[in-house]
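The shown structure was predicted, so the numbers you read here are calculated from the model rather than taken from an experiment.
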Amino acid sequence: MGTPSPRVVLVLAAALAGLSAPRAAHGQPNFIIILADDVGWGDLGANWAETRETPHLDELAAEGTRFVDFHSAASTCSPSRASLLTGRLGARNGVTHNFAVTSVGGLPLNETTLAEVLREAGYSTGAIGKWHLGHHSRHHPSFRGFDYYFGIPYSHDMGCTDTPGYNLPPCPPCPWHGAAARVARKDCYTEVALPLFENLAIVQQPVNLSSLAARYAEEAARFIRQASDSGRPFFLYLALAHMHVPLGVPPPPPASGRGIYGASLSEMDALVGRIKQVADSHGKGNTLLWFAGDNGPWAQKCDLAGRLGPFVGAWQRQRGGSSAKQTTWEGGHRVPALAYWPGRIPAKRTSRALLSTLDVFPTLVALAGAALPPNRRFDGVDVSPVLFGWSDVGHKVLLHPNSGAAGKDGEIEALRLAQYKAFYTTGGAMACDGSIGPAEHHQPPLIFNLDRDIQEQEPLDVASREYQAVLPAISRAYAQALEDIATDNVSVADYSKDPAVTPCCNAQHVACRCQAPGTHAAALDHGTERRAVRLCL
């Protein structure tokens with residue numbers, strides 16, 4: 001065989017370079033999604049003047065776009081996260097309520113995650129923080145498209161710690177001796193310590209809640225730096241512990257007037273500020289940072305719950321019970337949301353488009369130049385025209401599923417059509433005073449005009465011309481939505497339980513401790529935790 005010509009060599013070299021070149025060279029942006037937990041719409045100073053603890057988030061709003069009609073896909077943890085990562089409601093993806101410490105299953109394996117799509121498109125993918133979509137076997141984030149994972153497998157109130165923080169009711173620290181582990185406390189996990197994972201390994205059990213925010217910030221910054229140095233675009237999903245109880249902050253000085261919740265909100269704000277700073281120093285102008293909440297405040301936690309702003313669900317409050325987390329009232333799913341991308345997303349802009357965390361999946365897939373998974377329908381839409389300020393039109397119809405209040409988990413119990421909100425079921429969630437609103441089914445539905453009644457205080461009179469005019473459109477939209485879901489490729493999650501799948505780094509120790517009595521928890525916060533204590537499969 002003869003020696004190839006120089007021109008052939010150049011063509012081959014160019015072809016090989018094209019195969020191995022990082023996709024970032026072709027303009028793929030980086031993505032950082034920050035998901036706050038149990039945060040209220042009014043917890044953002046840019047939304048609510050009474051809030052003073054969020055200067056970094058307010059700066060993010062001033063330098064980007066603030067969305068004031070933005071909604072979580074569900075109003076409790078697992079379903080909300082499953083919908084963000086699939087672009088599909090729980091009625092389609094199968095995740096209709098929360099997974100447990102002993103859950104065998106998780107997000108169904110036939111559902112494709114955003115991380116899987118982006119990794120296939122050439123992205124480095126990292127998840128830091130709360131997962132809550134299954135921790136056993138292939139439901140673990142390391143098998144769901146993430147190159148790197150660091151965090152806790154479920155909510156941080158689902159295991160005891162030596163630094164229990166603030167909760168209502170207060171929970172005791174992890175026991176050191178067997179007899180103490182048998183003392184049951186209502187709403188407290190006392191027998192198994194909360195684990196911290198790095199990839200498949202438990203690196204600390206129990207978690208030191210006092211240093212968790214700093215650890216998340218450190219790991220997020222490290223991931224951004226390493227991904228940037230690699231030359232590949234990156235996707236970071238940062239699911240914060242804030243503002244879910246227990247709140248693991250030192251008590252603020254009495255003179256500050258902030259209280260425990262305010263101190264924790266300040267800590268979250270500082271964490272977001274640090275991530276923005278790191279992102280700006282590694283790819284400013286090519287990184288979309290999107291901040292949102294997973295659902296509204298947990299009302300039954302009283303002073304340890306967030307601020308609803310004007311979305312108080314007054315109709316429900318008059319009858320008892322909560323109108324926040326778990327419910328389909330605005331306080332349950334309308335969440336703060338900000339998008340920041342210098343040079344691409346307009347600064348100092350407020351959008352009133354009707355948007356959802358469902359939209360994160362299709363929007364990022366489109367911006368990455370990738371394709372949506374086939375053979376399924378999506379509830380989210382590509383809202384990049386809204387992000388870039390070219391449009392302020394979002395969803396015409398948005399569905400709200402039951403997330404632990406009255407009715408069947410995952411069923412569509414409220415519907416938004418333009419400024420109108422229709423309720424088919426209400427009640428069933430606990431308020432701070434312990435009341436639980438009576439479960440009520442509404443046929444015909446309650447309908448509120450949110451343009452006039454943002455507090456959801458007075459439903460339209462069913463005999464009014466306005467009600468009669470809008471009811472047919474709402475009924476058609478509701479029927480079409482149910483038909484669309486019923487004829488889709490619907491998944492079913494495995495909610496079976498087995499104590500054997502509980503994450504435990506040392507079953508011989510009380511509460512599954514990784515360190516012996518007398519070992520200070522902070523000792524694991526200076527590098528020694530990186531050893532693989534136990535692989536959990």
Over-ring placement of Arg513 relative to Trp176, 6.0 Å and 45° cut-offs: yes

Cation-aromatic face contact Arg222/Tyr148, 6.0 Å, 45 degrees: yes

Ignoring hydrogens and angles, tell me if any N or O in the side chain of [X] forms a donor-acceptor pair with the backbone of [Y] under 3.5 Å.
| X | Y | value |
| --- | --- | --- |
| Ser78 | His132 | yes |
| Asn167 | Val245 | no |
| Ser323 | Val312 | yes |
| Arg119 | Tyr123 | no |
| Asn506 | Gln508 | yes |
| His139 | Leu109 | no |

With heavy-atom distances below 4.5 Å as the criterion, would you say the side chains of Cys160 and Tyr189 are in contact? no

Count the heavy atoms belonging to other residues, nucleotides or ligands that lie under 6.0 Å from [atom1] of [X], then report whether that count exceeds 12.
| X | atom1 | result |
| --- | --- | --- |
| Asp303 | CG | no |
| Gln226 | CD | yes |
| Arg319 | CZ | yes |

Under 3.5 Å, is there a donor-acceptor pair between the [X] and [Y] side chains?
| X | Y | result |
| --- | --- | --- |
| Thr51 | Arg307 | yes |
| Asn295 | Asp38 | yes |
| Lys408 | Asn402 | no |
| Asp69 | His71 | yes |
| Thr363 | Asp359 | no |
| Thr287 | Asn30 | yes |
| Thr86 | Glu111 | no |
| Asp280 | Tyr340 | yes |

Using every non-hydrogen atom in the two residues, find where [X] and [Y] come nearest and quote the distance to one decimal.
| X | Y | answer |
| --- | --- | --- |
| Leu338 | Ala61 | CD2-CB, 3.6 Å |
| Gly129 | Tyr149 | O-OH, 3.1 Å |
| Leu57 | Leu44 | CB-CD1, 3.4 Å |
| Asn98 | Pro79 | OD1-CD, 3.6 Å |
| Lys325 | Cys77 | NZ-SG, 4.1 Å |
| Leu118 | Ala368 | CD2-CB, 3.6 Å |

Would you please test Ile33 and Leu236 for side chain to side chain contact (heavy atoms under 4.5 Å, CB included) and show each step? CA-CA 6 Å; Ile33 302 300; Leu236 173 61; over 6 Å; no

Yes or no on side chain to side chain contact (heavy atoms under 4.5 Å, CB included) for Leu364 and Trp290, after CA distance, side-chain angles and deciding distance? CA-CA 11 Å; Leu364 268 54; Trp290 200 335; 3.9 Å; yes

With Asp37, the side chain to side chain contact (heavy atoms under 4.5 Å, CB included) member among His242, Lys130, His156, Met243: Lys130

Check: Phe197 ring centroid to His135 ring centroid under 6.0 Å: no

